[in-house]
Amino acid sequence: MGRTVLIVEDHEFNMMLLDDLLRANGYDTLQAADGAAAMALAREHRPDLIVLDIQLPRVSGLDFLRWLKRDAHLRDVPVIAVTAFAMPGDEHVMRAAGCADYIAKPISTRHFLDVVRRHAAPVGDGQAP
Ligand code: MN
């Protein structure tokens with residue numbers, strides 16, 4: 001069983017890049033384009049990690065993060081927030097709401113994978129099964 005990462009991203013091209021990158025590095029992925037779909041998938045699968053775009057339609061990444069933290073079954077799933085439009089204070093707000101890490105786009109592949117591995121080490125990486 002591999003590690004499963006839920007990608008929450010509304011831009012198709014970014015979704016494809018993140019999905020390819022994670023799969024190429026041994027992760028299984030789930031995809032959601034908005035907060036409601038993401039919450040449904042999170043409840044169904046309890047992923048090992050969530051990569052969360054902050055700028056989402058309807059429900060913002062911040063609101064999604066708050067939903068997640070109110071759910072006893074999901075609140076310990078680490079969330080990496082990613083943003084294309086980093087505003088001063090965004091990182092503080094997202095971290096205060098409970099995200100485990102924060103990355104501003106454009107994403108450096110190497111940095112992104114380092115952060116992902118920090119929160120969801122690949123299976124067979126010295127981890128107990
Ligand atoms: Mn977006």
Side-chain angles (χ1 to χ4, degrees):
M1 267 296 275
R3 303 275 184 200
T4 300
V5 180
L6 169 59
I7 309 166
V8 190
E9 167 66 77
D10 60 316
H11 293 275
E12 230 174 289
F13 184 71
N14 290 341
M15 173 65 87
M16 191 186 72
L17 290 180
L18 292 170
D19 191 79
D20 284 352
L21 190 56
L22 288 165
R23 286 181 179 276
N25 284 275
Y27 292 93
D28 295 325
T29 55
L30 298 165
Q31 302 185 3
D34 63 65
M39 203 62 201
L41 280 177
R43 287 198 168 117
E44 187 180 349
H45 298 277
R46 198 182 189 280
D48 297 293
L49 178 71
I50 297 173
V51 173
L52 175 66
D53 178 25
I54 297 176
Q55 288 85 24
L56 293 172
R58 296 180 289 279
V59 176
S60 73
L62 178 60
D63 288 332
F64 171 77
L65 184 59
R66 286 175 171 154
W67 288 353
L68 203 72
K69 294 299 171 186
R70 279 200 295 266
D71 187 310
H73 184 58
L74 297 174
R75 67 166 57 111
D76 294 331
V77 176
V79 174
I80 301 173
V82 296
T83 179
F85 307 99
M87 302 291 284
D90 270 3
E91 177 165 3
H92 175 77
V93 170
M94 292 304 285
R95 285 190 186 272
C99 79
D101 246 306
Y102 179 95
I103 301 175
K105 295 175 190 172
I107 290 175
S108 137
T109 299
R110 190 187 186 93
H111 176 61
F112 176 72
L113 287 171
D114 282 348
V115 173
V116 166
R117 291 190 186 109
R118 195 182 305 152
H119 296 289
V123 173
D125 197 33
Q127 290 255 138

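Side-chain atoms are counted along with the backbone in the values below, which use heavy atoms only and exclude waters and symmetry mates. Whatever order the structure lists them in is the order used to number ligands and atoms, beginning at 1.
Contacts of Asp34 classified as salt bridge (Lys or Arg N to Asp or Glu O under 4.0 Å), with partners at least two apart in sequence or in another chain: Arg58. For Asp19, the salt bridge (Lys or Arg N to Asp or Glu O under 4.0 Å) partners at least two apart in sequence or on another chain are Arg23.
For Arg66 (side chain) and Ala97 (main-chain N/O), no donor-acceptor pair under 3.5 Å exists by modelled atom type.
Only protein atoms were considered; those of element N, O or S under 2.8 Å from the Mn ion (ligand 1) number 3.
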N/O donor-acceptor pairs under 3.5 Å from side chains in residues 7-15, not counting sequence neighbours:
unit_1, atom_1, unit_2, atom_2, d
Glu9, OE1, Lys105, NZ, 3.0
Glu9, OE2, His11, N, 3.0

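The two residues Tyr27 and Ala120 have their closest heavy-atom pair at OH-O, 2.6 Å.
Taking CE from Met39 and CG from Leu6, the interatomic distance works out to 10.5 Å, rounded to the nearest 0.5 Å.
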